[in-house]
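Just the heavy atoms: all of them, side chains too, but no hydrogens, waters or symmetry mates, feed the values below.
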Amino acid sequence: MKQQDSQKHSSLVALRHSAAHTLAQAVKKLFPTAQVGVGPATEEGFYYDFRYERPFTPEDLERIESEMKSVIRASFPIVRRPVSRSEATALFSGLGEPFKLELIQGIPDEAEITVYEQGEFVDLCRGPHVPSTGDIPAVKLLSTSSAYWKGIESNPSLQRIYGTAFESEGDLDAYLKQLEEIQKRDHRKLGKELDLFRTLDEKGAGLVLWLPKGSQVRRTLEDLWKTLHDQHGYRYVYTPHIARLDLWKQSGHWDYYRDSMFKPMETEGTSYELKPMNCPFHILIFKESVQSYRDLPIRLSELGTVYRYERSGTLHGLMRVRGFTQDDAHIFCKPEDLSDEIQKVLALVDQMIGRFGFQDRTVFLSTRPDKSVGSDENWAMATDALKSALEQANVPYEIDPGEGVFYGPKIDIKFHDAIGRAWQLSTIQVDFNLPEKFDLTYRNAKGEVARPIMIHRALFGSIERFFGILIEHYMGAFPLWLAPEQVRVMSLADRHIPYAQALVDRLKSLRVRAEGDFRNEKIGFKIREAQLWKVPEMWIVGDREVQENRVSLRTREGEKSDLIPQETAVGDLLARCRPAEWAGNPWP
RNA sequence: GCCCUUGUAGCUCAGUUGGCAGAGCACAUCCUUGGUAAGGAUGAGGUCACCGGUUCAAUCCCGGUCAAGGGCUCCA
């Protein structure tokens with residue numbers, strides 16, 4: 001089964017790669033002065049880069065696509081031909097393709113050089129390809145953008161044309177449906193429609209305004225987070241948003257992280273810096289409060305808001321912002337406790353994230369990067385501790401070589417949402433660098449001075465980003481326990497308002513997030529509106545309900561149950577509307 | 001930051017080949033008191049992102065700035 005999957009995958013790669021060549025062939029035919037860059041298959045399709053005197057327009061794309069289809073109809077055989085270096089150089093200099101010549105120069109001496117020909121088009125390429133342009137059953141061009149030659153900013157800017165190709169029209173249609181689905185779920189669109197958040201834009205790009213409804217969701221998340229962290233032995237702390245630049249020099253952030261930090265601000269001749277991370281403050285708290293091994297491990301947690309300078313072009317809704325709140329914690333422990341502490345974090349990750357209904361989870365262990373600090377022994381010890389924790393917790397994982405942070409290795413956990421997309425949420429990072437920089441010590445059981453190890457960890461990653469992910473995952477329809485408005489009570493006519501208002505008041509006093517819609521509108525109108533706001537439950541009140549102290553219920557999904565006694569409805573709601581940790585306790 | 005595209009009412013979007021700015025929804029007032037996704041009427045609402053230039057006249061043409069969208073790169 002696995003082998004079949006991988007065969008299918010590699011044949012799709014060849015198909016898309018051939019589609020990319022076909023794209024280049026079509027562009028060269030319609031725009032003979034265009035020069036070709038590279039054109040690989042990607043995860044979801046393919047692209048090809050061109051240098052041309054003007055940008056390609058959507059109309060150009062249509063013409064190019066129909067030209068591609070005629071190339072496909074012509075069924076040109078795709079022929080592989082090994083060539084000598086001098087032959088290749090002569091060929092592409094004759095064609096006036098400087099980028100291809102540059103690629104040839106980059107091919108090692110001993111490597112074979114091959115070209116692939118289809119009709120009048122020839123491309124430097126190592127393959128593989130499908131046998132004929134006729135073997136591309138379904139292809140579509142999607143968008144254009146710019147990209148630097150070889151992805152280097154100082155290089156010329158090329159125009160990239162994106163497309164995708166599939167084994168069948170049906171597969172292509174399914175893919176296009178998925179794209180539509182992604183657009184429907186876009187958290188920026190839903191965030192606006194549902195009044196969840198706004199970005200400051202002209203008043204501050206990359207900064208988030210949490211509107212009341214979004215703030216309510218955040219509050220529920222944060223309350224639950226704090227409850228779980230209390231239960232797991234963390235101590236909650238608050239730290240400032242700025243500190244003197246010296247702190248960031250001592251921590252090493254100024255050396256290693258300066259490009260992502262806002263510029264320092266001068267006050268009374270002293271430089272202050274906006275915090276990009278919470279860790280140095282937690283370290284200062286450690287120094288204030290720990291002296292003995294008996295105090296360890298100490299777990300300091302904070303929903304700490306940090307500010308990082310992100311280049312303007314990279315900002316994106318809630319997913320990439322300049323001010324965000326980390327669900328942060330730092331665990332300081334004895335070296336021998338490291339693996340144990342990591343296992344505890346893994347368990348907490350599952351307990352916290354497990355309730356959101358993500359499909360599954362993949363775990364990556366990232367090892368030492370090129371740019372890093374610390375001794376080989378420390379890196380080996382920390383990496384081993386992460387491995388042994390994963391193995392003891394029976395968590396399967398993949399190695400991500402060189403993707404660790406500069407101060408230590410890390411575990412990254414990705415979760416798959418309702419439509420299968422993977423999001424990196426939780427991260428667990430071992431750090432032996434900061435404890436040294438700040439000379440953290442404690443007395444061990446033998447009375448010796450020892451150095452603690454530090455673990456940085458976050459479950460959500462950033463609250464802003466996690467909220468964005470949740471909006472897309474749930475398509476704005478938050479589950480009852482998380483919904484900003486849980487119940488909307490609606491009056492049928494004005495004479496029902498006193499009963500309905502009393503019902504809302506009762507629910508509010510029980511800490512249910514209930515609102516009333518008593519406007520002078522027909523019930524159909526109110527229901528439509530509540531549906532559009534994705535309120536999970538609608539409670540409808542008319543003559544029959546008032547007379548018998550009942551309510552009629554309708555859920556967001558359209559299920560109805562009429563004339564439920566109020567006591568039953570309220571009791572049932574209380575049992576469902578809160579996380580299990582708070583069951584039976586309306587005042588978390 | 002760079003390339004391309006875009007910026008008109010609270011929202012979604014028309015529009016003017018340069019001559020007083022338009023719709024739907026939302027909002028306000030009134031009529032209607034209606035049983036599970038839109039009852040009706042009236043009204044208010046805009047420095048056409050911002051700054052400058054060309055012109056008798058600029059929302060429209062030109063330049064710049066800011067921001068958003070799609071990418072490159074980077075990442076929570």
hbond_proxy A/Arg528 side chain to B/rU36 base (donor-acceptor, 3.5 Å cutoff): no
B/rU16 to B/rC31 separation - C1' atoms, rounded to the nearest Å: 39 Å
Under 3.5 Å donor-acceptor pair, A/Glu202 side-chain atoms to B/rG7 base atoms: yes
B/rC72 phosphate, OP1 or OP2, under 4.0 Å from A/Tyr47 side-chain N/O: no
Nearest-angstrom distance, P atom, B/rA23 to B/rG46: 14 Å
Gap between atoms CG and P, on A/Asp186 and B/rU12 respectively (whole Å): 12 Å
Separation of atom CD in A/Glu193 from atom C1' in B/rC25, rounded to whole Å: 12 Å
Whether A/Trp225 and A/Tyr236 hold their rings parallel, tilted or perpendicular, with breakpoints at 30° and 60°: perpendicular
Aromatic contact, A/Phe56 with A/Phe31 (centres under 6.0 Å): yes
Donor-acceptor pair, side chain of A/Lys410 and main chain of A/Val405, under 3.5 angstrom: no
Counter-base of B/rA41, judged by Watson-Crick or G-U geometry with both distances under 3.5 Å: B/rU29
A/Phe525 ring over B/rG39 six-membered base ring, under 5.5 Å and 30°: no
Centroid-centroid under 6.0 Å between A/Tyr48 and A/Phe50 rings: yes
side-chain N/O A/Ser145 vs B/rC3 OP1/OP2, d < 4.0 Å: no
d(CZ, A/Arg550; C1', B/rG35) in whole Å: 17 Å
Whole-Å gap separating C1' (B/rC25) and CD (A/Glu529): 11 Å
Watson-Crick/G-U partner (both atom distances under 3.5 Å) of B/rG7: B/rC66
Touch class at under 4.0 angstrom, heavy-atom based, for A/Thr199 against every strand present: nothing
Donor-acceptor pair under 3.5 Å, A/Arg311 side chain vs B/rC2 base: no
Sugar-phosphate, base or nothing in reach of A/Tyr309, heavy atoms under 4.0 Å: sugar-phosphate
hbond_proxy A/Glu310 side chain to B/rG1 base (donor-acceptor, 3.5 Å cutoff): no
Base partner of B/rC48, which must satisfy Watson-Crick or wobble distances under 3.5 Å: none
Atom-to-atom span, CZ of A/Arg488 to C1' of B/rU36 - whole angstrom: 14 Å
Nearest-Å distance for atom pair CG/P, residues A/Leu303 and B/rA76: 18 Å
Phosphate OP1/OP2 of B/rG34 contacted by A/Arg495 side-chain N/O (<4.0 Å): yes
Near-ring test A/Tyr407/A/His456, centroid separation under 6.0 angstrom: yes
A/Ile523 side-chain proximity, nearest of B/rC72, B/rA76, B/rG35: B/rG35
Pair partner, B/rG35 [Watson-Crick or wobble, under 3.5 Å]: none
Counter-base of B/rA57, judged by Watson-Crick or G-U geometry with both distances under 3.5 Å: none
Whole-Å P distance, B/rG52 and B/rC60: 13 Å
Touch class at under 4.0 angstrom, heavy-atom based, for A/Val306 against every strand present: nothing
Euclidean distance, atom CG of residue A/Asp412 to atom P of B/rC75 [Å, nearest integer]: 12 Å
Sugar-phosphate only, base, or nothing, as touched by A/Asp201 at under 4.0 Å among non-hydrogen atoms: sugar-phosphate
N or O in side chain of A/His316 less than 4.0 angstrom from B/rC75 OP1/OP2: no
A/Tyr162 side-chain N/O to B/rC72 phosphate OP1/OP2 under 4.0 Å: yes
Contact under 4.0 Å: A/Arg188 side-chain N or O vs B/rG70 OP1/OP2: yes
For B/rG18, the Watson-Crick or wobble partner whose two distances fall under 3.5 Å: none
Under-4.0 Å side-chain N/O to phosphate OP1/OP2 contact, A/Arg160 with B/rC4: no
Atom pair distance, as rounded to whole Å: CD in A/Glu559 and P in B/rA37: 14 Å
Separation of the P atoms in B/rG18 and B/rC62, to the nearest angstrom: 11 Å
A/Phe466 ring center near A/Phe356 ring center (under 6.0 Å): yes
side-chain N/O A/Lys192 vs B/rU12 OP1/OP2, d < 4.0 Å: yes
Opposite nucleotide pairing with B/rC74, Watson-Crick or G-U, both atom distances under 3.5 Å: none
Under-4.0 Å side-chain N/O to phosphate OP1/OP2 contact, A/Arg308 with B/rA76: no
Short N-O contact, A/Lys226 and A/Glu222, less than 4.0 angstrom: no
Test: A/Arg576 and A/Asp572 ion pair at under 4.0 Å: yes
